[in-house]
Amino acid sequence: EIGLNRNWVYSEKKENILIFSSITTMSAWGAMRWLPQASVARGTRACAEKVLYRAAHVMAPRNKVVSLVDAVALVNSGDTISTSGFVAQGSPEALLEGLGQRFQETGEPANLTVLFGGGPGDWDQRGLNHLGQEGMLRRAIGSHYGQTPKIADLVLSNKIEGYAFPLGAISRTFHQVAQGGPGYLTSVGVDTFVDPVNGGGKLNDITTADLVETIELNGRRLLLYKPIPINVAFVRATTSDSDGNLTMEHESMIGDTRQIAMAAKNSGGVVIAQVKRIAESRTIDPRKVDVPGVLVDCVVQVAEDDHNTLHAQSYFSIHNPAWSHEVRAPMESLKPLEMSARKIIARRAALELESSDTVNLGIGMPEGIAGVAAEERVLQHFTLTTEAGLIGGVGAGGHNFGAATNPDALQEMSQQFDLYNGGGLNKAFLGLAQVSKGGDVNVSRLSPTRLTGPGGFIDITQPTAKVIFMGTFTAKGLEIKIANGQVQIVKEGSVKKFVDKVGEITFSGNRAAESGQDVLYITERGVFERSGHEDLLELIEVAPGIDIERDIFPNMDFEPIISPNLKIMDPTIFKDEPMNLADALFGTNFKDRVQYDPEAHSLFIDLTCLQVTTEDDVTEMESVMSAFLDEKIAAADGRKVYVTASYDGFDCRDDIADSYYAMTQRLEEKYYGGVRRYAGKAFSRMRLAAALELDRNEDVWKKFAPNGEAAVSPKQIRRALTDHYHINATDAQMYELTKHKNAEGLVPQNKLLSAFRHLRS
């Protein structure tokens with residue numbers, strides 16, 4: 001006799017099924033899923049199916065809550081299983097541990113395919129590492145392998161098939177599976193290691209099936225990530241009612257939980273949820289339901305004594321209420337970075353920020369930017385995001401990457417990648433492990449014995465107009481000293497990062513050049529960019545105290561171009577005191593914030609991030625505005641001006657607010673024919689509309705070619721779109737604007753203006 005669970009038994013000799021009166025719904029369904037694989041007589045199986053179907057639908061209660069044993073019994077050998085969770089956050093640990101234990105005890109289920117994006121794990125034993133047992137897996141398809149070393153080891157040793165795809169591509173593939181679509185079609189991944197011409201994301205010699213293919217559409221080469229049906233989904237939430245409606249009030253993120261559940265359900269699979277508390281049927285506010293019960297087949301409740309180990313918010317934090325938006329933590333708790341290579345790099349990168357930027361900060365070195373911005377008290381002027389779906393707040397660092405303290409909003413991961421892929425980021429700051437002479441970057445596979453995967457790196461870097469890569473110049477053992485505003489290399493790292501050719505292309509320098517991306521490579525001793533004249537990196541800034549011949553050239557596998565305009569990096573970066581980042585970013589001269597358009601007789605006042613702290617500030621503003629407007633109005637025969645003002649990030653001290661308001665009223669009565677006040681991009685849009693209305697072709701061309709060139713590069717085009725028209729062009733838009741490049745890779749004036757008029761319309 002083979003006992004499949006506590007409630008039913010199959011006996012091959014007696015050729016019958018014994019069903020106890022205490023049978024539950026999921027026990028019956030567990031039997032149903034096992035029966036087709038059993039070696040039984042055809043008539044016996046048919047009879048058993050009828051009995052079990054009746055038991056499931058007539059005798060069993062509606063309650064979807066089952067035991068862990070019953071839940072993991074639903075996973076069959078050969079299934080494709082997917083799980084929610086991101087890095088160390090939100091892992092359904094009880095389900096994964098239970099499935100791993102079942103395999104250890106019975107050898108079942110075997111030959112599974114595991115499909116994952118964020119790849120929940122603890123870099124050791126937990127999370128998906130429970131499935132990293134020989135014989136349990138046949139294939140792994142994932143994005144983050146770093147925290148799942150047991151699965152990575154099986155791939156690297158050719159014991160299972162392995163694929164690595166961009167996180168956003170996997171996230172969007174869940175959506176395609178859920179809607180029954182043909183797959184995810186995108187430009188994300190073209191010219192990287194996931195491109196079929198570069199291997200198609202295959203990770204070892206035994207992996208042969210093509211899961212991504214090239215599609216030509218309207219002259220563009222795109223990638224189609226094929227849909228992968230899901231048999232079993234493990235998802236996690238905080239609360240479930242007895243009908244399976246799930247809420248996530250104690251979770252640090254939403255992730256792809258609903259998309260995974262829907263994909264499994266619409267694949268004919270089963271959805272199993274892990275929660276820590278159960279509510280009575282239909283007592284949950286429907287507006288708070290993250291996964292509707294119609295998608296959920298059964299629910300496993302983790303015992304309260306096991307919450308800290310099997311249902312902790314993260315593998316490295318039992319519960320942080322600021323991550324789950326239960327409290328708002330004081331930002332003063334962020335400690336300033338110590339003066340180090342990390343801080344130097346973060347400070348230089350922070351100088352690339354602009355007011356109202358929406359940015360992504362990658363894991364590792366880029367996390368330091370948040371610390372610098374907080375120390376300089378400018379954090380409120382930017383919106384930080386993570387690919388897991390967090391918008392605003394300050395991202396958690398290290399192994400807790402993905403969560404955020406005090407976020408403004410959460411959305412599903414697939415929605416976040418919609419934002420990213422459509423050009424919603426102004427800038428992206430990411431780490432670097434290897435950089436080639438042509439600007440390629442590798443972060444996904446650093447050696448034949450180390451597999452990390454691309455995560456969201458490709459999805460973030462490829463569509464973003466400006467990308468800043470950050471990292472130390474060498475690795476393993478680097479020691480530097482910062483004294484008297486200069487950098488001294490005390491001990492050189494033993495591993496070169498700037499190499500002739502990267503081990504794997506996670507970011508393509510050639511593609512960046514073709515699409516006009518603005519790309520910087522920032523280190524503690526210098527700043528590089530891709531040369532506009534050759535397929536080679538160019539050194540554009542060097543740190544004080546660094547000797548190029550001694551500290552740079554010998555520690556690279558190639559010799560970069562030295563810019564004819566080589567600069568010394570900003571000296572304030574290297575001083576152990578605040579660098580007054582606000583002044584560097586926003587300026588202090590009020591006159592520079594006022595722009596007058598004589599043809600429209602209109603005024604644009606940019607008060608972005610201006611701080612009015614004294615009565616003298618109010619007096620100065622009124623004096624500057626009065627002198628300026630007296631002249632302009634006199635020249636316009638006394639006609640009052642129409643004013644558009646930006647108040648994004650504006651701050652006026654409470655005790656002088658009345659004085660400031662009275663000053664604006666006096667100006668309005670005396671000089672303004674009308675006034676509009678905006679925050680954020682609305683101000684830029686008004687200014688842009690006025691510029692577009694007045695721009696003639698020759699005026700437009702001057703924005704793209706300020707030096708009077710007859711043709712311009714993709715990089716000049718993208719910079720003009722960003723700087724003058726506040727457009728973060730998508731890949732598709734850049735393709736249309738640059739598809740008529742000449743032999744030198746430049747776009748002639750007539751071709752660009754025609755394409756730009758089409759884009760504007």
| task | Answer yes or no: is there a donor N or O on one side and an acceptor on the other, between the side chain of R342 and the main chain of T472, under 3.5 Å? | result | no
Please answer whether the main-chain N or O of G168 pairs with a side-chain N or O of D459 as donor and acceptor at a distance below 3.5 Å. yes
Which pair of heavy atoms, one from [X] and one from [Y], lies closest together, and at what distance?
| X | Y | answer |
| --- | --- | --- |
| V177 | N266 | O-CB, 4.5 Å |
| G119 | T148 | O-CG2, 3.7 Å |
| V299 | V296 | CG2-CG1, 3.9 Å |
| L607 | R593 | C-NH1, 3.6 Å |

[Y] and [X] side chains, donor-acceptor separation under 3.5 Å:
| X | Y | result |
| --- | --- | --- |
| H311 | Q274 | yes |
| Y420 | T385 | yes |
| Y315 | Q147 | no |
| T238 | E251 | yes |

Contacts satisfying salt bridge (Lys or Arg N to Asp or Glu O under 4.0 Å) that involve residues 163-174 (not counting sequence neighbours) are R172-D418
inquiry  = What I'd like to find out is whether the side chain of V212 reaches to under 4.5 Å of the side chain of Y163, using heavy atoms alone.
reply    = no
Presence of salt bridge, D518 and R718, under 4.0 angstrom: no
Aromatic rings F316 and H399: how do their planes relate, parallel, tilted or perpendicular, breaks at 30° and 60°? tilted
Practice prompt. Mind telling me whether F86 and F401 have parallel, tilted or perpendicular rings, with 30° and 60° as the class edges?
Written response: tilted
Result for salt bridge (Lys or Arg N to Asp or Glu O under 4.0 Å) between E249 and one of K288, K276, R277 points to R277
F116 meets the ring-ring contact (aromatic ring centres under 6.0 Å, His included) criterion, sequence neighbours left out, with Y145
Rounded to the nearest 0.5 Å, the CD1 atom of I458 sits from the OG atom of S187 at a distance of 11.5 Å
Test side chain to side chain donor-acceptor pair (under 3.5 Å) on Q416 and E387 and set out the steps.
CA-CA 6 Å; Q416 192 82 319; E387 56 267 38; over 6 Å; no
Exercise. Given the rule in the side chain to side chain donor-acceptor pair (under 3.5 Å) test, do S324 and E326 qualify, once you have shown the distances and angles that lead to the verdict?
Worked result: CA-CA 6 Å; S324 49; E326 300 164 70; 2.3 Å; yes
